[in-house]
Amino acid sequence: MKKTLLLFTSLALMGSALAQTFVTIGSGGTTGVYFPVATGIAKLVNDANIGVRANARSTGGSVFNINAIASGELQMGLAQNDIAYYAYNGTGIAAFEGKPVKNIRAVGILYPEVVHVVARAGAGINTIADLKGKRVVIGDVGSGTEQNARQVLEAYGLSLNDLREAIRVNPNNALALMQDGRADAFFFTGGLGASVISQAAQTLRIQLVEVEASRVQELAKKYPFYRAFNIPGETYRGVDVTTPSVAVLSMWIAAESLSADVVYNMLKATFDSPDFKSIHPNLQRFFNVNLAARNLPIPLHPGAERYYREKRIIR
């Protein structure tokens, strides 16, 4: 009898293990906001015991995450809404031109991602136009930052060819180059308070470069994902004045093939949790579940659609 009971218990445990779904969530560099957000999402999912084992992986960012979902390397990821649009429609940037990624689906909008242009104080960079002839980090390979850098420069009549050097490295290396005096400025698209900029402000005298309102209007006409956004003074050490800039939106995305039940249960475990907004100050300040399914650039995942319909957020 004992042997029979042990056999049934073992089989039940094996069945439970086999039924578990493993989900890897692509984030971004460890000094950005994507990484702590993805890590926090994974922890809430794992703590909820819903049959999903989630882990967050540091990656190159939006473009990498979308391509990795397309190839099956990732099941979920975080991405900018503009990059998700370009990917789904196979347009806008070289990585997706003529190669639409149709198997990505939206899970929800999370928070604004601000285009930060960070310059070393004393480098002679007071406007975006002053980047001409400078050594500028434009973002990591596979990041949305590079695309935003190109478009902001374009609004000022500049291209990457007008820079003395267009440097493609991750945020950690961007910081090291600034500290060593081998870069004059860097672009970084991410949530307010991103640690790479906070670290730069702790070790260097920095200034944030304004994207003027007239240029924001030009950008928004051509690229409707952009909206004006003011970076409040004292967000970063030594920068006491408000700096006008532009922002896009961060999205949680998933592979179309991921089970609708898995996505639905993950949303219940995160968005319904009182601890969700505590993952990061950007979620605390900006996340609103009632806005999470609005103005999406790609189709909703069926599991997310079920969640929002139950909440009466969509009809």
Side-chain angles (χ1 to χ4, degrees), residues 24-35 38 56-107 109-110 113-117 136-155 158-163 165-174 186-191 196 219-220 222-226 246-258 296-299 301:
T24 300
I25 306 168
S27 60
T30 55
T31 53
V33 176
Y34 276 6
F35 186 73
R57 175 178 158 192
S58 176
T59 71
S62 297
V63 175
F64 179 94
N65 292 343
I66 290 168
N67 280 328
I69 287 174
S71 70
E73 184 179 347
L74 296 174
Q75 292 73 50
M76 285 183 158
L78 303 183
Q80 296 173 200
N81 64 334
D82 55 337
I83 304 302
Y85 173 87
Y86 296 139
Y88 188 80
N89 290 284
T91 187
I93 57 178
F96 305 119
E97 194 70 51
K99 298 175 288 186
V101 181
K102 292 296 186 182
N103 69 334
I104 53 171
R105 293 292 181 268
V107 177
I109 297 292
L110 298 178
E113 292 202 83
V114 188
V115 180
H116 297 77
V117 187
V136 183
V137 176
I138 59 169
D140 198 1
V141 176
S143 72
T145 295
E146 179 180 352
Q147 183 65 14
N148 300 139
R150 288 176 182 273
Q151 292 170 348
V152 169
L153 289 169
E154 178 189 326
L158 299 175
S159 72
L160 299 186
N161 293 330
D162 292 306
L163 305 177
E165 188 178 2
I167 307 168
R168 293 175 176 84
V169 295
N170 65 38
N172 284 332
N173 289 333
F186 70 90
F187 280 82
F188 181 81
T189 302
V196 64
L219 271 170
K222 189 169 184 180
Y223 307 106
F225 304 101
Y226 287 108
V246 289
V248 289
L249 295 171
S250 65
M251 292 182 63
W252 183 1
I253 62 175
E256 179 186 21
S257 60
L258 193 58
L296 296 170
I298 60 176
H301 191 284

May I ask you to decide if [Y]'s main-chain N or O and [X]'s side chain share a donor-acceptor pair within less than 3.5 Å?
X	Y	answer
S27	R57	yes
H116	F188	yes
S58	G28	yes
D162	L158	no

Side chains of residues 74-90: which donor-acceptor partners sit under 3.5 Å, not counting sequence neighbours?
unit_1, atom_1, unit_2, atom_2, d
Q75, OE1, T24, N, 2.8
Q80, NE2, D82, OD1, 3.0
Q80, NE2, N148, OD1, 3.0
N81, OD1, L249, N, 3.0
D82, OD2, N148, ND2, 3.1
Y86, OH, Q151, NE2, 3.2
N89, ND2, Y85, O, 3.0

If you compare all heavy atoms of [X] against all heavy atoms of [Y], which two are closest, and at what distance to 0.1 Å?
X	Y	value
T145	G139	CG2-CA, 3.9 Å
A174	V137	CB-CG1, 3.7 Å
Y34	S250	CE1-CB, 4.0 Å
I69	N103	O-ND2, 3.6 Å
H301	A254	CD2-CB, 4.2 Å

Set of residues satisfying salt bridge (charged side-chain N to carboxylate O under 4.0 Å, His left out) with respect to E165, sequence neighbours excluded:
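E165: no salt bridge (charged side-chain N to carboxylate O under 4.0 Å, His left out) contacts found.
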
Got a sec, which residues hit salt bridge (charged side-chain N to carboxylate O under 4.0 Å, His left out) with E154, two or more places apart in sequence or on another chain?
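For E154, the residues satisfying salt bridge (charged side-chain N to carboxylate O under 4.0 Å, His left out) (neighbours in sequence not counted) are K222.
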
Under a 4.5 Å cut-off applied to non-hydrogen side-chain atoms, are L219 and V246 in contact?
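Touching, per the 4.5 Å side-chain cut-off.
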
